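Here is the structure we will look at, set down as structure tokens.
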Amino acid sequence: MIAHKRVSRLRRKLKNTKKISLTALLGGLVTISVLMTLTIMVISSYTSQKQSLIDNTLSLNYASAVQVSQTLDSLFSSMQESLKYAAKYFPELDFSDTDKLSSTLDLIRNSSNYFNSISLVDETGVVLSTSPYLKDSIGRHVSSEAAKAAIKSRDSYISKAYQTPRTKRRIVFVSEPIFTSTGEYKGTIGGNIYLQENNILSLSFGSQLKTSNGSYFFIVDQKGTLLFHPDTNRIGENVSKNKVVQKLLKDQTGKEQYNNLAGVDSLAGYYKVPSTGWGIVVVSPTQTVYDQLNHHIQLLLLYTSVPFLVLTLIVIQVARKLARPFVLLGDLVNQVDKGQVELSVLKPHWNREADLLTRTVVGAMANFRKQKDQLSYDARTDVLTGMNNRRTFEEVIQDWIQEGDPFSIIVLDIDRFKSINDTFGHHAGDEVLKHIANIIQLSVRPEDICARFGGEEFVVLLRNSESDLAFEMAERIRISVEESVVPVDRPVTISAGIAEFPLHSATATELFHLADNALYQAKEEGRNRTVTIQTVIK
């Protein structure tokens, strides 16, 4: 009697307990598994892509800083050459002929647009003429310390940025001495760059000041004072407390993530200008990386949500099929317990359904992995030729430079390719590209890397090869192309330029630039030839 009461209480307790159906349980477990997989994938992708984007942005900013530095260095070299040329002309003039002096200075200033103003000063520091003509300045002694230092030096001179005593303009002063044919010092000719007004710097770099993603660059002098900035009102401001500027003041160059003076997390590449000692800083707000990353994650979720949703619906349906025999068994046992039917033998349906579920999930994940692998392959391969693309080339050359082993680079370009497209059509042009790509791939060694750099230009990296071996390889490719039967009814030739690491350069950007210059020289010398750059790193 007591046992019967205990059984009754247990049955009532079990009856009142909230039940979860097998379909809901399996469907819930699968849904949780899918969501966890998706979460892990998103987190993994976010972490890896974040570091990759930061590293790429830093590398691009550093490369940009180097490029701006080289451009600025060339610009000041051109300024000095312009003044040197003018300085050779002035000893032939009569310094008392003010009209002639003024017109000559106007001609010099307007012909180059290097300087906002130009002045002619004799050996005692007296201003003889200016352009634009300033009557009040003629006959006066120069007042700026920079001008006095230039006269005293009797040599080529580039001043630090300074503020003029009278006009309060912030200026950089460039000058050249004037000597007669007998070596007599006659004075100086100097050009002024007004930093806070339209000048050669804003003309040369104005379009690069600030991009749509918020990246920009600025220039500082040897004391950390801003000489060039997107906000012209900040020119003249001392930013020596900036972490990156402090490194430039210590003659360091590089790239890093830091907080600027306004507290904005930024990614910077920085480099110095050899001729002036100025520092170039190219900056991108780190927020731009997060914006790109968020866009990437949104696309990832968009592309994966539909397959995962379909997969979840399929799994729920399979779970229902899997649960059906268990429900049938439960009803049958309940009926048997009530004495209504006889117990019969049930077939083991659940094994087959479980197997189907497993194969469905595994198949779906395999399909996802295949799509991911295909996307990765497409991102690193040129679709038309099947060669490596520019991205792969840039990654490999950076890796090889870090390893430090010597190698050579060949830059090849199809001669007069535009005329092929114009004459035979772009489809024929594509066939020519594939034909030449095939010749290149068959010509190189297994350890070498060949890639389509863009358009009709190809690059080959020869591991552990000097430029002499690269020249032989380039010639073999060039002759093979020249003697091959091409898909168009006309001869097709290529030109090639070669540079060697580290003989010619120790940086990827400059090494490619030198090889490209050699290619340009080959084009200038008549095409269908190979040229090795002669510049050697010092």
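Note that the structure is predicted; figures quoted are calculated from it, not measured. Side chains are part of it too, since the values below use all heavy atoms of this structure and drop only hydrogens, waters and symmetry mates.
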Between [X] and [Y], does any side-chain donor sit less than 3.5 Å from a side-chain acceptor?
X: S495; Y: Y520; value: no
X: T509; Y: T507; value: no
X: D155; Y: S153; value: no
X: D291; Y: T288; value: no
X: Q51; Y: D55; value: yes
X: D265; Y: Q287; value: no
X: K255; Y: S59; value: yes
X: S64; Y: N61; value: no
X: E176; Y: S156; value: yes
X: T493; Y: E482; value: no
X: N388; Y: R452; value: no

N294: partners by side chain to side chain contact (heavy atoms under 4.5 Å, CB included), with sequence neighbours left out: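 For N294 the side chain to side chain contact (heavy atoms under 4.5 Å, CB included) partners, ignoring immediate neighbours, are Y46.
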Between F458 and F453, does the ring centroid distance fall short of 6.0 Å?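 For F458 and F453, the ring centres are not under 6.0 Å apart.
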Could you tell me whether the side chain of R140 and the main chain of I138 form a donor-acceptor pair under 3.5 Å?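 Absent.
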Q222 side chain vs T276 backbone, donor-acceptor pair below 3.5 Å: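 Yes.
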Closest non-hydrogen atom pair, [X] against [Y]:
X: A150; Y: Y157; result: CB-CD2, 3.7 Å
X: Q441; Y: T385; result: OE1-O, 4.4 Å
X: I235; Y: H229; result: CG1-N, 4.3 Å
X: L83; Y: G191; result: CD1-N, 4.2 Å
X: M387; Y: T381; result: O-CG2, 3.3 Å
X: A268; Y: V244; result: CB-CG2, 4.1 Å

Do other residues, nucleotides or ligands put more than 12 heavy atoms under 6.0 Å from the [atom1] atom of [X]?
X: Q252; atom1: CD; result: yes
X: R391; atom1: CZ; result: no
X: E457; atom1: CD; result: yes
X: K152; atom1: NZ; result: no

Which residue pairs pass the side-chain hydrogen bond (donor to acceptor under 3.5 Å, both in side chains) test with at least one member in residues 394-405, sequence neighbours excluded?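 Matches after skipping sequence neighbours: R380-E395, R390-E394, E403-R463.
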Can you tell if the side chain of [X] reaches within under 4.5 Å of the side chain of [Y], non-hydrogen atoms only?
X: M79; Y: I200; result: yes
X: Y258; Y: V264; result: no
X: Y85; Y: I108; result: no
X: N192; Y: N116; result: no
X: L519; Y: V531; result: no
X: V121; Y: L128; result: no
X: L195; Y: F228; result: no

Could you check whether D448 pairs with R445 (Lys NZ or Arg NE/NH1/NH2 to Asp/Glu carboxylate O, under 4.0 Å)?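 Looking at D448 and R445, the cut-off is met.
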Pair E256 + K243: basic N to acidic O under 4.0 Å: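 Result for this pair is yes, salt bridge flagged.
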Parallel, tilted or perpendicular for F179 and Y185, by the 30°/60° rule?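 Judged by the thresholds at 30° and 60°, the geometry between F179 and Y185 is tilted.
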For the residue pair Y62 and Y271, does the interplanar ring angle fall in the parallel (under 30°), tilted (30 to 60°) or perpendicular (over 60°) class?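 Geometry flag for Y271 against Y62: perpendicular rings.
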Trace of the ring pair (Phe, Tyr, Trp, His ring centres under 6.0 Å) decision for Y162 with F173: CA-CA 9 Å; Y162 69 95; F173 177 68; 7.3 Å; no
Tell me which pairs pass salt bridge (Lys or Arg N to Asp or Glu O under 4.0 Å) where either residue lies in residues 106-131, with sequence neighbours left out.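 Non-adjacent pairs meeting salt bridge (Lys or Arg N to Asp or Glu O under 4.0 Å): zero.
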